[in-house]
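Remarks on the structure that follows.
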Amino acid sequence: MASVASLPSLFAAEDSTLFKQIKMKGVKALVDSGITQIPDFYIKPVEDRALEERPLVDDQVPVIDFSGIYDPVSRSRVVKAIGDACKEWGVFQVINHGVPKHVLQDMIEVGHEFFNLPLEDKMSYYSDDLSQPVRFGTSYNPAKETILEWRDVLRHPGSISPEAVQLWPEKPESYRENTTNYLKGAKVFAETLFAALSESLGVQSDYLQNILTEMMFGINYYPYCPNPDLTLGLSAHSDASGITILLQDQIAGLQVLREGRWYLVQPRSDAFVINVGDQLEILSNGRFKSVEHRVTVNKEKTRISIGILCVPLGDTRIAPISGLIDESHPPMYREVIFKEYLGHYFSKQHNRKSSIDSVRLKF
Ligand SMILES: O=C(O)CCC(=O)C(=O)O
Ligand SMILES: [Fe+2]
């Protein structure tokens with residue numbers, strides 16, 4: 001097993017609370033301290049590692065060209081492709097989404113700059129309380145984990161109102177400007193996507209837009225790792241959101257589960273990755289499936305991804321849409337208030353689809 005005996009000063013040997021230290025300072029600080037082996041508390045059980053079943057290298061996750069969405073003739077074809085992908089995969093990539101490439105690149109760049117700030121700057125946003133709206137943290141839910149995830153994270157609300165923006169990090173200098181530009185573009189795209197998803201479900205086109213009114217923004221930072229096969233950036237989970245809009249950089253790492261097999265989501269600098277989250281699985285009465293996914297890490301390269309969780313307000317009641325229930329399609333999930341769902345989701349470590357399983361009706 002790996003040992004931490006030779007860690008230099010940031011995590012001094014006499015510090016018997018290394019685990020506690022890393023749970024605050026994060027995995028980048030650990031890597032920057034010069035480790036050559038990962039500590040034991042990053043080593044995943046063999047059955048959870050990505051080593052055993054290498055994902056297919058071929059890109060088989062659907063890639064959907066969004067440009068046809070504005071053309072009345074091709075719109076129905078794009079809507080159908082989106083609906084099919086949500087049913088069969090719970091994930092797809094979107095190209096020609098309308099957000100300029102330089103806006104995406106600037107977002108990734110400023111994400112790197114944020115995590116490269118001195119630790120003190122990042123620590124001013126530190127919290128281990130997942131419900132804190134603005135938060136620098138590490139792993140997924142360190143207060144509940146015995147084995148950590150190889151990731152640091154910055155989270156904050158995705159609203160670009162002046163009151164919200166002033167809660168965001170002030171450093172690096174271009175953080176607020178780049179993130180505002182990114183979120184502005186992503187919001188226009190999200191509204192068009194929600195309309196397409198609503199149409200695909202056969203409900204009025206503003207149906208999902210009226211439910212998924214909030215955006216939670218996050219930057220995931222996965223430093224290079226001396227023993228990538230022993231750990232994971234994120235363990236298998238589905239997202240608690242309605243929809244997640246993800247931008248990944250050029251480093252492969254995101255894998256999705258479909259019919260018992262893991263597939264790589266091939267990095268494409270021009271694409272958004274769209275995940276169906278648990279709330280959309282419930283609303284669609286199981287017609288759309290939230291996708292189980294995980295992230296692997298890399299020996300040489302640091303990976304970054306930008307996530308927007310499109311979510312309801314906390315008090316929103318989420319239940320299968322009544323138009324999707326009939327004699328042959330009985331409700332598959334009980335009604336749940338979104339903040340209670342999140343309470344369950346945040347009360348544990350990542351555990352596959354256990355939160356949605358807790359609201360599934362048994363027959
Ligand atoms: O980094 C990725 O590609 C995925 C991130 C993710 O799954 C999450 O933030 O929930
Ligand atoms: Fe996720």
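Remember, it's 1-based here, ligands and their atoms both numbered in the order they're listed.
By the criterion of a heavy-atom distance under 4.0 Å, neither the backbone nor the side chain of T244 is placed next to ligand 1. Contacts between D239 and ligand 1, counted as non-hydrogen atom pairs separated by less than 4.0 Å, involve the side chain only.
Interface atoms of ligand 1 facing L234, defined by a heavy-atom separation under 4.0 Å, are 5 (C), 6 (C), 7 (O), 8 (C). Close approach of ligand 1 to R303 is summarised as follows: ligand atoms under 4.0 Å from at least one heavy atom of the residue are 1 (O), 2 (C), 3 (O). Close approach of ligand 1 to L254 is summarised as follows: ligand atoms under 4.0 Å from at least one heavy atom of the residue are 3 (O), 4 (C).
In terms of protein heavy-atom proximity, atom 4 (C) of ligand 1 is nearest to V295 CG2, 3.7 Å.
When I251, I38, T231 are each tested for a side chain to side chain contact (heavy atoms under 4.5 Å, CB included) with V297, only one passes: T231. Between H97 and the choices F272, F66, F92, the ring pair (Phe, Tyr, Trp, His ring centres under 6.0 Å) rule is met once, by F272.
Taking any N or O of Y222, backbone or side chain, at least one lies under 3.5 Å from an N or O belonging to ligand 1.
Selection from V265, V153, N220 by nearest heavy atom to atom 5 (C) of ligand 1 gives N220.
Taking the centre and axis of the six-membered ring of Y42, the NZ or CZ atom of K44 falls outside the cone set by 45° and 6.0 Å.
Contact of the I245 side chain with the C310 side chain is registered, since non-hydrogen atoms from C-beta on lie closer than 4.5 Å.
Minimum-distance N/O/S atom of D239 relative to the Fe ion (ligand 2): OD1.
Rounding to the nearest 0.5 angstrom, the gap separating the OG atom in S131 from the OH atom in Y345 is 14.5 Å.
Judged by distance alone, with hydrogens and angles left aside, the side-chain atoms of Y341 form a donor-acceptor pair with the main-chain N or O of I356 at under 3.5 Å. Remark: the backbone N or O of V276 is not paired with any side-chain donor or acceptor of E281 at under 3.5 angstrom.
Heavy atoms of Q248 stay at 4.0 angstrom or farther from ligand 1.
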